[in-house]
Structures are given as C-alpha cells and as structure tokens.
A.B. asks: 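Below you will find the structure I want to go over with you.
In what follows, every heavy atom counts, from backbone to side chain, and hydrogens, waters and symmetry copies are set aside. Computed from a predicted structure; not experimentally measured.
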Amino acid sequence: VETHTKARPDAGEFRGLTLLDLARLSLDRAGVATRGMDRMQLAGLALTRAGVGQTTGDFPVLLESALNKVLLAAYATAPDSWSRFCKTGTVSDFRAHNRYRQGTFGKLEKVNEGGEFRNKAIPDGAKESISAATYGNIIALTRQAIINDDMGAFNDLATRFGRAARLSIEMDVYDLLKLNAGLGPVMSDGVTLFHANHANINAVGSALGVAGLEADSVVMASQTDPSGNEILDLSPYVLVVAKGLGGTARVTNDAQYDPDTSGKLQMPNRVRGLFQDIVDSARLTGTRRYLFADPMSVPTIEVVFLDGIQEPFLDNELGWRVDGVEWKVRLDYGVGAVDWRGAVTNAGA
C-alpha cells in the first residue's frame with residue numbers, strides 16, 4: 001500500500017491497541033474495576049457485559065469503531081486499476097438496470113424550392129443491462145483470539161478484509177475482460193464484447209508499436225452509432241496490456257521519435273501522447289491489448305454500486321455459533337459490459 005499510495009491504514013485513536021486492550025478500555029468506561037483481572041476474566045466479562053445494558057463503552061461497540069476505521073482505510077488505500085478504464089455507476093436495487101445508447105438522425109435532408117419537408121424516422125437505440133449483487137463474508141473474533149492478540153493481529157485482520165473488498169472488484173473486472181479467450185462477455189445481441197460484428201477488432205494482429213497502435217486507433221475512430229448514421233470518430237484514452245508489455249507501451253506512447261524506425265532517420269512518432277493512461281496488469285497475459293475511449297464519455301465496462309455506496313458495510317452481533325463476536329462484511333456491486341463502441345482489441349504478435 002505504501003509503495004502505491006504513500007498512505008497507511010490508520011485506526012485513529014485505537015492505533016496500537018490489542019483486542020485485550022480494547023476489552024479493558026470498554027470495561028473501564030463502563031465503570032468496572034479491572035485491576036487484578038487475568039486475561040480470561042477480562043475477555044469473558046467484556047463479551048458478557050455487551051449483552052446487558054448496551055452503552056457506548058461496550059466492547060462490541062469499540063470493536064466496531066476500530067474495525068470499521070481500519071477496514072475503510074485499507075479499502076481506500078488499496079491500489080486498483082479498474083477505475084482507470086471503467087465507468088463508476090449507481091443502481092437503486094438488485095434488479096437488472098438498462099443502459100441505453102441512442103441512435104442519431106444523420107444529416108438533415110435538402111428541401112428543394114417549393115418542396116415538402118419529409119418526416120424523419122426516430123432512430124432506434126442499443127440496450128445492455130447491468131445489475132448489482134451482494135458479496136461478503138462473516139469473520140469471528142473468539143474469546144481465545146482476544147486473549148492471544150498480543151501482536152496486533154486484529155488490525156491485520158481488518159486490513160486484509162478491507163483489501164479483499166477492493167480486490168473483489170478488481171478481479172471481477174479482469175475476469176469479465178478475459179472471458180471467451182479475451183474477447184469479453186456475450187452481449188445482448190448474442191456475440192462477444194469484441195467481435196467482427198461489432199467492428200471493434202483489428203483483425204490484423206500486430207506487435208505493440210507505432211504502426212499497430214495507429215491502425216488500432218483508426219478502427220476505433222471508424223465506429224458508428226447504433227443507427228449507423230454517424231461515424232463516432234472516437235479517440236483512444238487508456239491502453240490496457242499485460243504487465244510484460246507496460247514498458248514497451250510507455251516508450252511507444254512517450255517517445256518523440258518513432259522507436260520502431262531503424263537507422264539514423266529520426267521519424268516523428270505518429271502516436272506520441274495517444275493515450276492519457278497506460279494500465280499494465282499482471283492479471284492479463286499474452287500479447288492481446290485493449291484500447292478504451294474515455295470511460296466517462298463512452299463507457300465500455302461499468303462498475304455499479306447499490307445506492308452509490310462504494311465502501312464495504314460492517315455489522316456485528318455476539319456470536320451464537322462461537323464464543324465471541326461475529327462480524328459481517330459486505331459490499332453491493334456489479335460489473336458488466338454496457339457498450340462495445342468505446343473499445344478496440346488487437347491480439348498482438
């Protein structure tokens with residue numbers, strides 16, 4: 001986390017406290033004298049007391065506050081890459097929600113002198129759907145775990161669950177992209193996201209370089225709207241490649257002169273600055289590359305959150321199956337392909 005964001009998950013006022021420290025603190029706030037109590041008594045009384053006369057000093061309340069702070073901090077600081085080429089959206093429930101892309105009227109028709117204005121048909125649009133689902137787990141903090149937590153394992157547990165919530169979205173986005181040998185999920189028209197029918201595949205596989213990327217960008221620019229009346233003339237915004245191609249991609253995008261040209265001729269780089277961002281991920285392999293238009297203008301993949309809540313939710317209750325406290329961590333989100341017009345792929349070489 002520190003390498004990517006220079007930030008550390010922070011439990012705030014609970015920094016450095018073990019579970020047993022929190023148990024003692026909760027009892028002290030409740031007016032219980034803890035001097036002379038051994039660890040077993042401390043843990044047992046803190047858990048039992050939470051079931052009688054809830055107060056802000058009760059052990060589960062303190063645990064929830066500490067765990068939630070560490071969980072959310074870890075979620076916020078865990079690095080991801082999906083947000084750089086996907087749109088972030090909102091849904092109001094768990095039903096399928098439609099995403100529309102409207103057709104266009106094309107150009108206006110000429111009216112001759114004395115001629116009539118003719119009716120123009122309202123163009124059809126394209127529709128895809130996306131829905132959210134609930135993801136989560138239950139974790140249990142037993143009385144034994146409380147007693148044995150002398151190395152700050154509690155904070156580590158919360159940190160790992162915060163990162164797991166972030167990782168879930170990251171993995172789902174790349175898993176979606178890798179479906180059908182890297183051509184993505186099947187869309188509403190029965191073919192994959194990247195398909196010849198969608199005119200978003202550069203059928204001429206080429207190595208990652210100036211000529212290949214220029215040809216890819218022409219394919220993207222030639223895409224038409226759903227009614228076929230207008231050429232969209234889109235430009236690439238993000239390049240997504242496997243980790244091993246990241247260096248080559250950045251050199252090609254940033255070089256002043258064409259790095260593929262041999263000899264002394266300094267030919268200008270025709271694709272210099274073509275991409276605003278380059279994402280190289282170890283979750284991809286091989287030579288296939290993906291070019292995405294600006295996801296805010298022409299989204300291809302969307303990640304939606306229920307009611308726009310992007311952070312994981314934490315709830316707790318005294319354990320029934322275990323002697324301790326159980327915590328439920330959940331995140332409501334969905335990942336889906338919503339339009340094929342804003343992306344192009346090339347199998348590479």
Side-chain angles (χ1 to χ4, degrees), residues 1-12 14 63-100 128-139 155-178 184-185 193 237-238 240 276-277 279 281-283 290 292-316 327-339 342-343:
V1 174
E2 296 82 1
T3 302
H4 293 273
T5 64
K6 306 300 181 185
R8 285 179 176 271
D10 188 2
F14 305 108
L63 278 178
E64 181 177 7
S65 180
L67 182 62
N68 196 54
K69 286 183 178 181
V70 178
L71 179 79
L72 294 182
Y75 178 82
T77 57
D80 64 39
S81 61
W82 68 262
S83 56
R84 293 156 63 183
F85 61 93
C86 300
K87 178 184 177 181
T88 301
T90 299
V91 291
S92 57
D93 52 45
F94 293 103
R95 294 175 296 180
H97 289 257
N98 294 329
R99 294 292 188 260
Y100 297 95
E128 299 292 337
S129 64
I130 189 171
S131 59
T134 299
Y135 300 83
N137 286 104
I138 289 178
I139 55 176
N155 281 358
D156 183 58
L157 179 69
T159 299
R160 282 184 284 139
F161 263 89
R163 290 172 178 169
R166 194 87 171 190
L167 179 64
S168 299
I169 307 172
E170 182 87 345
M171 292 179 65
D172 283 354
V173 167
Y174 283 100
D175 286 346
L176 184 81
L177 198 59
K178 291 187 293 184
L193 169 64
Y237 190 85
V238 183
V240 179
Q276 301 299 309
D277 193 7
V279 175
S281 174
R283 302 190 188 283
Y290 302 92
F292 290 90
D294 186 346
M296 298 304 296
S297 302
V298 190
T300 297
I301 299 175
E302 185 174 358
V303 177
V304 294
F305 295 91
L306 184 65
D307 291 332
I309 301 172
Q310 299 185 29
E311 297 80 17
F313 175 80
L314 185 69
D315 199 5
N316 78 86
W327 302 88
K328 180 168 63 179
V329 180
R330 76 166 184 260
L331 184 61
D332 300 315
Y333 72 91
V335 177
V338 296
D339 191 5

A.B. asks: Under the criterion side-chain contact (heavy atoms from CB on, under 4.5 Å), I'd like the reasoning laid out for Val91 against Val304: C-alpha separation, chi angles, the key distance, then a yes or no.
C.D. replies: CA-CA 6 Å; Val91 291; Val304 294; 4.0 Å; yes
A.B. asks: Please collect all side chain to side chain donor-acceptor pair (under 3.5 Å) contacts where either partner lies in residues 164-178, sequence neighbours excluded, each pair once.
C.D. replies: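 Qualifying pairs: Asp80-Arg166, Ser81-Glu170, Ser81-Tyr174, Asp172-Tyr333.
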A.B. asks: Please name all residues satisfying side-chain hydrogen bond (donor to acceptor under 3.5 Å, both in side chains) with Arg330, sequence neighbours left out, ordered by chain then number.
C.D. replies: none
A.B. asks: State which residues pass side-chain contact (heavy atoms from CB on, under 4.5 Å) with Pro185; sequence neighbours excluded, sorted by chain then number.
C.D. replies: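 Counting only residues at least two positions away or on another chain, Pro185 forms a side-chain contact (heavy atoms from CB on, under 4.5 Å) with Leu176, Leu179, Leu193, Ala337.
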A.B. asks: State the NZ-CH2 distance between Lys87 and Trp82, to the nearest 0.5 angstrom.
C.D. replies: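 It comes to 12.0 Å.
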A.B. asks: Once rounded to the nearest 0.5 Å, what's the spacing between atom CG of Leu71 and atom CG of Leu314?
C.D. replies: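 So the gap between those two atoms works out to 6.0 Å.
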A.B. asks: Do Thr300 and Val338 make a side-chain contact, defined as non-hydrogen atoms from C-beta onward lying under 4.5 Å apart?
C.D. replies: no
A.B. asks: Do the side chains of Leu331 and Ile169 get nearer than 4.5 Å, heavy atoms only?
C.D. replies: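 They are in contact (side-chain heavy atoms under 4.5 Å apart), so the answer is yes.
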A.B. asks: Locate the shortest heavy-atom distance separating Cys86 from Val173; write the atom from each residue and the value.
C.D. replies: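 Looking at all heavy atoms of both residues, the shortest contact is SG-CG1, 3.8 Å.
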A.B. asks: Only distances under 3.5 Å count here; give the side-chain donor-acceptor pairs of residues 129-137 to other protein atoms, sequence neighbours excluded, each with its distance to 0.1 Å.
C.D. replies:
from   : atom 1 : to     : atom 2 : distance (Å)
Thr134 : OG1    : Asp332 : OD1    : 2.7

A.B. asks: Could you give all pairs that pass the ring-ring contact (aromatic ring centres under 6.0 Å, His included) test and reach residues 292-314, with sequence neighbours left out?
C.D. replies: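 Qualifying pairs, neighbours excluded: Phe85-Phe292.
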A.B. asks: Measure the shortest side-chain to side-chain distance between Leu72 and Pro312 over non-hydrogen atoms and say whether it is less than 4.5 angstrom.
C.D. replies: yes
A.B. asks: Can you name the residues that form a salt bridge (Lys or Arg N to Asp or Glu O under 4.0 Å) with Arg283, not counting sequence neighbours?
C.D. replies: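 Per chain and number, Arg283 pairs via salt bridge (Lys or Arg N to Asp or Glu O under 4.0 Å) with no residue.
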A.B. asks: Any donor and acceptor pair, going by atom type alone, linking the side chain of Tyr75 with main-chain N or O of Gln310 inside 3.5 Å?
C.D. replies: yes
A.B. asks: Keeping to residues at least two apart or across chains, list the salt bridge (Lys or Arg N to Asp or Glu O under 4.0 Å) pairs with something in residues 292-302.
C.D. replies: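 Applying salt bridge (Lys or Arg N to Asp or Glu O under 4.0 Å) to every pair that reaches into residues 292-302, excluding sequence neighbours, yields Arg99-Glu302.
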